[in-house]
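Everything quoted here is computed from the prediction, not taken from an experiment. Proteins come first, then strands; the chains are lettered A, B, ... in the order of their sequence lines, and each starts at number 1.
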2 protein chains.
Amino acid sequence: MMPARPPPGAYAVVVPAPRSASVADPVASAAARASKHEDRRDQLAESALVTLGKLGYAKTSLREIAQHSPFSHGVVHYYFSSKEELITYCVRYYKRTCVTRYDAIVASSTSDDELRTRFAAKLAETIREEGPMHQLWYDLRNQSMFEPALREVVLDIDGQLEEMIWRVVTRYAELAGRPPALDPATTYGMLDGLFAQTLLLWATGPAGRREDALSVLTGRVDSLLPSLLA
Amino acid sequence: MMPARPPPGAYAVVVPAPRSASVADPVASAAARASKHEDRRDQLAESALVTLGKLGYAKTSLREIAQHSPFSHGVVHYYFSSKEELITYCVRYYKRTCVTRYDAIVASSTSDDELRTRFAAKLAETIREEGPMHQLWYDLRNQSMFEPALREVVLDIDGQLEEMIWRVVTRYAELAGRPPALDPATTYGMLDGLFAQTLLLWATGPAGRREDALSVLTGRVDSLLPSLLA
DNA sequence: CCGACATCTTGACGACTGTCAAGACAAACT
DNA sequence: AGTTTGTCTTGACAGTCGTCAAGATGTCGG
């Protein structure tokens with residue numbers, strides 16, 4: 001599930017990866033170099049995601065990304081051929097940790113009521129914990145309507161999100177002993193609409209009302225899920 | 001409902017508004033000037049909306065807007081104090097013709113089945129006819145999460161859209177003799193999610209599949225509406 | 001007809017962007 | 001050791017952006 005390489009470690013200063021004595025091992029060292037290269041890419045992607053989540057796709061420049069990373073603005077073109085490649089790499093990087101968000105709940109819940117409650121609560125929690133990332137996702141999904149370069153990766157991830165929701169609903173249906181009432185796409189579209197609606201309130205509303213919006217979402221989803229079954 | 005002034009008439013060359021003989025009438029002429037000023041603002045807003053719908057908020061520059069209008073790029077700052085003011089003016093201008101889109105159907109439908117069918121069909125039709133405008137709306141709504149200057153107008157219009165949908169659903173409930181099952185916000189959020197989902201497919205999918213996406217939306221909404229009633 | 005005014009064009013400004021080349025620096029190899 | 005190689009910084013480039021000022025053009029009141 002998670003990549004074999006250790007996580008890039010946010011902002012950790014250069015870890016030279018202790019070489020085994022001074023023995024010459026060309027293949028191992030080449031592999032280590034490649035691995036470090038990948039780590040740097042991930043590290044840059046993480047920095048970029050933070051900035052992108054804060055400023056949005058349109059107002060995020062490569063210099064701004066570099067300024068919130070341990071590097072200078074020139075490095076980006078050493079690890080990525082263009083801004084576009086960095087962005088799409090970021091989206092895919094983000095997806096890796098995102099499309100399995102509810103799988104633990106699906107696997108460990110033992111009754112339909114438990115799954116329903118925990119899923120509804122998790123929806124609110126992920127807005128609270130990763131709000132800017134979700135803002136970024138909706139931003140990029142919309143930009144894909146104007147920017148063809150984003151379409152492939154966006155449609156790919158949107159499909160995976162739909163599957164993620166469908167895993168929740170089918171398991172819920174299984175536990176409840178009733179089949180789903182709607183097809184995967186419709187189910188996803190409806191829930192996604194409620195999620196996006198709450199995210200907008202959460203992001204734009206006054207700080208004091210943020211938690212209100214989240215608990216409203218939880219309540220709505222909690223009471224809506226049963227009617228998604230036949 | 002509609003403004004008293006005649007529509008700005010897309011790209012019509014200067015209409016000097018025939019002055020009544022050569023009689024001096026300061027107050028009338030001042031009014032005519034003010035009216036012409038407003039017409040120019042609307043005209044610029046229309047040009048801007050076309051460009052915004054095509055390129056999206058991020059990639060639309062004032063020069064690009066002016067290039068697709070009968071004016072040069074300097075005029076914008078004669079009629080608007082800043083880009084930001086132009087954009088928000090555009091959004092409000094667009095709203096005027098938008099939030100009453102289904103009212104005719106609500107008023108003229110005589111049975112729940114008719115209202116349901118016509119509403120579902122109209123949803124698809126407005127994507128087909130005004131796709132870029134809807135793309136722009138979702139773009140701006142998202143940008144409002146990053147750009148505080150957009151929040152007020154976006155939340156305002158979003159509320160009006162919710163009311164628009166609620167007028168449809170309450171009338172539908174009335175004709176069907178059953179009360180709505182959900183609150184206005186939840187109803188709007190769900191339907192908006194399905195709408196946005198279809199718009200994304202319509203805008204990014206291959207041209208050959210556009211109509212498919214629209215008919216799928218029609219079918220979904222048509223079969224979903226009954227379950228929105230208790 | 002002339003002066004006053006509204007309107008519009010043109011050209012410039014400083015700031016910012018993505019991209020890239022030249023070089024600094026250090027680690028690794030022979 | 002010296003030299004190659006990978007990594008990163010710096011500075012510059014061409015272009016675009018919003019904004020504004022100066023002036024051309026047109027319109028109207030007297």
Side-chain angles (χ1 to χ4, degrees), chain A residues 8 13-41 43-44 47-48 51 55-67 69-88 147 149, chain B residues 13-41 43-44 47-48 51-52 55-67 69-88 147 149:
Chain A
V13 204
V14 187
V15 177
R19 304 296 306 111
S20 52
S22 58
V23 186
D25 186 346
V27 18
S29 89
R33 247 199 313 272
S35 162
K36 183 183 171 188
H37 200 82
E38 283 297 305
D39 279 348
R40 276 277 182 279
R41 282 167 67 96
Q43 198 176 350
L44 276 173
S47 298
T51 307
L55 302 180
Y57 174 77
K59 299 203 283 189
T60 297
S61 68
L62 295 181
R63 283 171 173 82
E64 192 81 28
I65 290 174
Q67 214 154 11
S69 86
F71 308 104
S72 70
H73 74 269
V75 196
V76 177
H77 277 85
Y78 184 75
Y79 289 102
F80 298 92
S81 67
S82 69
K83 180 184 186 182
E84 177 189 298
E85 198 208 330
L86 169 63
I87 300 288
T88 59
E147 179 73 64
Chain B
V13 203
V14 188
V15 177
R19 302 299 305 113
S20 50
S22 59
V23 187
D25 187 346
V27 16
S29 90
R33 249 201 310 273
S35 162
K36 184 182 170 188
H37 200 82
E38 282 297 305
D39 280 347
R40 277 277 183 278
R41 282 168 68 97
Q43 196 176 352
L44 277 172
S47 298
T51 307
L52 282 164
L55 302 180
Y57 174 77
K59 300 202 283 189
T60 298
S61 69
L62 295 182
R63 282 172 173 82
E64 191 81 28
I65 291 175
Q67 214 153 10
S69 84
F71 307 105
S72 70
H73 73 270
V75 195
V76 178
H77 278 84
Y78 183 75
Y79 288 103
F80 298 93
S81 67
S82 69
K83 181 184 186 180
E84 178 188 298
E85 197 208 330
L86 169 63
I87 300 289
T88 58
E147 178 76 63

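An OP1 or OP2 oxygen of C/dT7 is reached within less than 4.0 angstrom by a side-chain nitrogen or oxygen of B/Y78. Look at B/S72 and you won't find any side-chain N or O under 4.0 angstrom from OP1 or OP2 of C/dT10. In this structure, B/R40 does not reach the C/dA6 phosphate: none of its side-chain N or O atoms is under 4.0 Å from OP1 or OP2.
Minimum atom distance to the side chain of B/R63 is reached by C/dA12, of the listed C/dA12, C/dC8, D/dC8. In this structure, the nucleotide among D/dG6, C/dT17, D/dT19 sitting nearest to the side chain of A/S61 is C/dT17. The side chain of B/H37 sits closest to C/dT7 out of C/dT7, D/dG18, C/dT19. Here the nucleotide nearest the side chain of B/H73, chosen from D/dT19, D/dC8, C/dG18, is D/dT19. Listed nucleotides C/dC20, D/dC8, D/dC20 differ in distance to A/F71; the shortest reach to its side chain belongs to D/dC8.
Nucleotide C/dG18 holds its P atom 13 Å from the NZ atom of B/K59, rounded to whole Å. Atom CG of A/L62 is separated from atom P of C/dT17 by 9 Å (rounded to the nearest Å). Note: CD1 (A/I65) to C1' (C/dG18) measures 11 Å, nearest angstrom. One atom, NE2 of A/H77, and another, C1' of C/dC20, lie 8 Å apart when rounded to the nearest Å. Whole-Å rounding puts the B/I87 CD1 to D/dG18 C1' distance at 12 Å. We find that CG of A/D39 is positioned 15 Å from C1' of D/dT7, with the value rounded to whole Å. If you measure from atom CD of A/E38 to atom P of D/dG6, you get 16 Å, rounded to the nearest angstrom. Following rounding to the nearest Å, B/Y79 (OH) and D/dC20 (P) show an atom-to-atom distance of 18 Å.
Under a 4.0 Å N-O distance rule, the pair A/E147/B/K59 qualifies as a salt bridge.
Counting heavy atoms from C-beta outward, A/Y78 and A/R40 have side chains that stay 4.5 Å or more apart. Inter-residue side-chain proximity for B/H73 and B/S61 is flagged as unmet; no heavy-atom pair is nearer than 4.5 Å.
Of the two residues contacting DNA chain C, namely A/G74 and A/E64, the nearest-nucleotide position lying further toward the 5' end is that of A/E64.
Put simply, the side chain of B/R41 never gets that close to the backbone of B/F80: no donor and acceptor are under 3.5 Å apart.
In terms of heavy atoms, A/T60 sits closest to A/K83 at O-NZ, 3.0 Å.
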